[in-house]
Asker: 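What follows is a structure written as structure tokens; I'll ask about it next.
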Amino acid sequence: MSFRGKRKNAEGHASDENEGHAPPKKASNTSASVESDDSDDIVVCEISKNRRVSVRNWNGKIWVDIREFYVKDGKQMPGKKGISLSLDQWNVLRDHAEAIDKAVAESS
């Protein structure tokens, strides 16, 4: 059976090498790169109040981004819910738009 905790030294005492020292601080979740004002996004359309489609250049690649946004400190910030499509993926989706429309019409 494994024991989780401090390792014991040769005398059988728990080792407190880090006693008196604070644990290392974690990096903050907020960074300047997350700011929506600093991005190269081209907002194509607003789907609804909090959803929009944008095209952006990230790491030298172009992405079609369909994402939910939220307001924080008066700024629109991208949420976790969404999808970023590469140009290849976008072209496949675009090429199947008629078939998707047809399936939606049949389901209604």
Asker: Please report the interatomic distance CG(Asn57) to CD1(Ile42), rounded to the nearest 0.5 Å.
Answerer: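 Going from the CG atom of Asn57 to the CD1 atom of Ile42 covers 9.0 Å.
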Asker: Tell me the closest heavy-atom pair linking Val43 and Arg52, and the distance in Å.
Answerer: CG1-CD, 4.0 Å
Asker: Which heavy atom of Ser84 sits nearest a heavy atom of Gln89, and at what distance?
Answerer: O-OE1, 3.9 Å
Asker: Which pair of non-hydrogen atoms, one from Trp63 and one from Trp58, has the smallest distance, and what is that distance?
Answerer: NE1-O, 3.6 Å
Asker: Measuring from Lys102:NZ to Glu98:CD, what's the distance to the nearest 0.5 Å?
Answerer: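 Spacing of NZ (Lys102) from CD (Glu98) equals 10.0 Å.
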Asker: Under the salt bridge (Lys or Arg N to Asp or Glu O under 4.0 Å) rule, what do Lys75 and Asp73 come out as? Steps first, then yes or no, please.
Answerer: CA-CA 6 Å; Lys75 293 184 180 181; Asp73 298 329; over 6 Å; no
Asker: Find the distance between CG (Asp88) and NZ (Lys61) and round it off to the nearest 0.5 Å.
Answerer: 9.5 Å
Asker: If you count heavy atoms of other groups shown closer than 6.0 angstrom to CZ of Arg51, is the number above 12?
Answerer: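 Open.
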Asker: Could you state the interatomic distance from CD (Gln76) to CZ (Phe69), rounded to the nearest 0.5 Å?
Answerer: 7.0 Å
Asker: Within this structure, what is the CD1-CG distance for the pair Ile66 and Leu85, rounded to the nearest 0.5 Å?
Answerer: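 Rounded to the nearest 0.5 Å, the CD1-CG separation comes to 5.5 Å.
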Asker: Quick check: do Val55 and Val44 have side-chain heavy atoms less than 4.5 Å from each other?
Answerer: yes
Asker: Does Val104 share a hydrophobic cluster with Ile47, counting links as ILVMFWY side-chain heavy atoms below 4.5 Å and allowing steps through other members?
Answerer: yes
Asker: Minimum heavy-atom separation for Arg67 to Lys80, with atom names?
Answerer: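 Distance-wise, the nearest heavy atoms are NH1-O, 3.4 Å.
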Asker: Is Ile83 linked to Trp90 within one hydrophobic cluster, defined over Ile, Leu, Val, Met, Phe, Trp and Tyr using a side-chain heavy-atom separation of less than 4.5 Å?
Answerer: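 Yes: a chain of side-chain contacts under 4.5 Å links Ile83 to Trp90.
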